[in-house]
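Just so it is clear, the structure is predicted and the values come from calculations on it, not from any experiment. We use all heavy atoms of the structure for the numbers below, so side chains are in, but hydrogens, waters and symmetry mates are not. Start at 1 and go down the list; that is how both ligands and their atoms are numbered.
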Amino acid sequence: MTKRIGILTGGGDAPGLNAVIRATVLAAENQYGWTVVGLREGFDGLLAGLPTITLSSQNVHELLARGGTILGAANRGNPFSRPVYSEHGEIVEYVDVSHEAIDALHQLELEALIVAGGDGTLSIAQRLVDMGAPIVGVPKTIDNDLAGTDFTFGFNTAVKTATEALEKLQTTAESHHRVMVLEVMGRNAGWIALMAGLAGGADAILLPEIPFRIGIVCEKIRALKSAGRHYSLIVVAEGAAPEDGEQQFYIRGATESQSKLGGIGHRVGEAIGECVDAEVRVTVLGHVQRGGQPNATDRYLATMFGATAVELVAQEKWGYMAALEGGEITHVPIREAVNMKFVDPESHMVKVARSLGVVFG
Ligand code: F6P
């Protein structure tokens, strides 16, 4: 029987979102003869009644390698907590308009909705499933902080970008005998910092999961210098904090998701400058980690996840999402998967890094 299904991308973008869109359209059309419509600007667009985009194999072919999302993504749209503004533009209260989201799905005559998102977007999807909405999920985030899947797409590309940045910093650090500090994204999880740090040969990796002591980092820099290496590379996750200090935010919003981590790289750089006799420079990598083409791993993962989501719709497995477990593509309940996944300070990866002489502060 012919179905009309929708797809929506929510939260921050990640390399591979367009590949997911392409895969869902191709699988739905080729395998089942279904029509796929794209909902624009995440749940915000659904609530605002934005016109949808009809997708077909004719208009998704170019999407495999394209960064971002052609559907747009909104970080703010939560139908369970929509801000109401005063005439002065201040938020006066938050209201639950989830019934409007359900009504909007009915009006669009969608028999299923595929939601590609991180923990915030997928949590909203789960609550809508609890209200009876036929939704399946695709896990997305460069942070790789979602439990329930070994990897999210977008992460591998972000790690590659951060690793390339370290490689570039290494040659200029070596030329000038400098200490280079690189701040990377990841929110409260240190996956990007840890993997890029290992892949890019960092001397110190500072993670949110391991509160650091700057003295340890300075000792490492001095030890390298005494051994004849006059430069060092330090990777700092944006969510890292010193043992006796706090996380740094460059935007403080009304809610946790509206607050933006950032600034710890400069704090670390200043502190190193005070305890080591060397020039220190700080690079904040920022959104280049999210932009641009997905690499081959992320195109593959996004494609597999998109096609799996279509299978979940065919099986009416509402409330499930595509996942990667032990190298196999599978599916897991969204409810379990939206818990956060952090770096275990006792993990093999951290132990290997320590065995190579990397310090965590
Ligand atoms: O969750 C992805 C992410 O890029 C985080 O690593 C980062 O903290 C945040 O989003 C940045 O959000 P925004 O794009 O709203 O600045």
Revision key, fill the gap. Quick note on ligand 1: atoms under 4.0 Å from a heavy atom of His287 include exactly 13 (P), 14 (O), 16 (O)
Review point. Do His177 and Tyr231 have ring centres separated by under 6.0 Å?
Key: no
Exercise for review: Please determine if Glu219 and Arg222 form a salt bridge, counting it only when a charged side-chain N lies under 4.0 Å from a carboxylate O.
Suggested key: no
**Study point:** Flag side-chain contact, heavy atom, 4.5 Å: Asp119 against Leu146
**Key:** yes
Review point. Which of the atoms of ligand 1 are close to Gly186, meaning less than 4.0 Å from one of its heavy atoms?
Key: 6 (O)
Review point. Minimum heavy-atom separation for Asp143 to Gly186, with atom names?
Key: OD1-CA, 3.2 Å
Study note, to complete from the structure: atom 3 (C) of ligand 1 has as its nearest protein heavy atom Arg290 NH1, 3.4 Å
Revision key, fill the gap. Per-atom filter on ligand 1: closer than 4.0 angstrom to a heavy atom of Glu238 are 5 (C), 6 (O), 7 (C), 8 (O)
Check your understanding: If we only count heavy atoms from C-beta on, is the Leu182 to Leu166 side-chain gap below 4.5 Å?
Key -> yes
Exercise for review: List the closest protein heavy-atom neighbour of atom 6 (O) of ligand 1: residue, atom name, distance to the nearest 0.1 Å.
Suggested key: Asp143 OD1, 2.7 Å
Check your understanding: Relative to the heavy atoms of Ile142, which atoms of ligand 1 are at a distance of less than 4.0 Å?
Key -> 4 (O)
Practice item. Using distance alone, with no hydrogens and no angle criterion, decide if Tyr32 and Glu311 have a side-chain donor and acceptor under 3.5 Å apart. Key: yes
Point to revise | atom 12 (O) of ligand 1 [closest protein heavy-atom partner, distance rounded to 0.1 Å] | key: Lys260 NZ, 3.4 Å
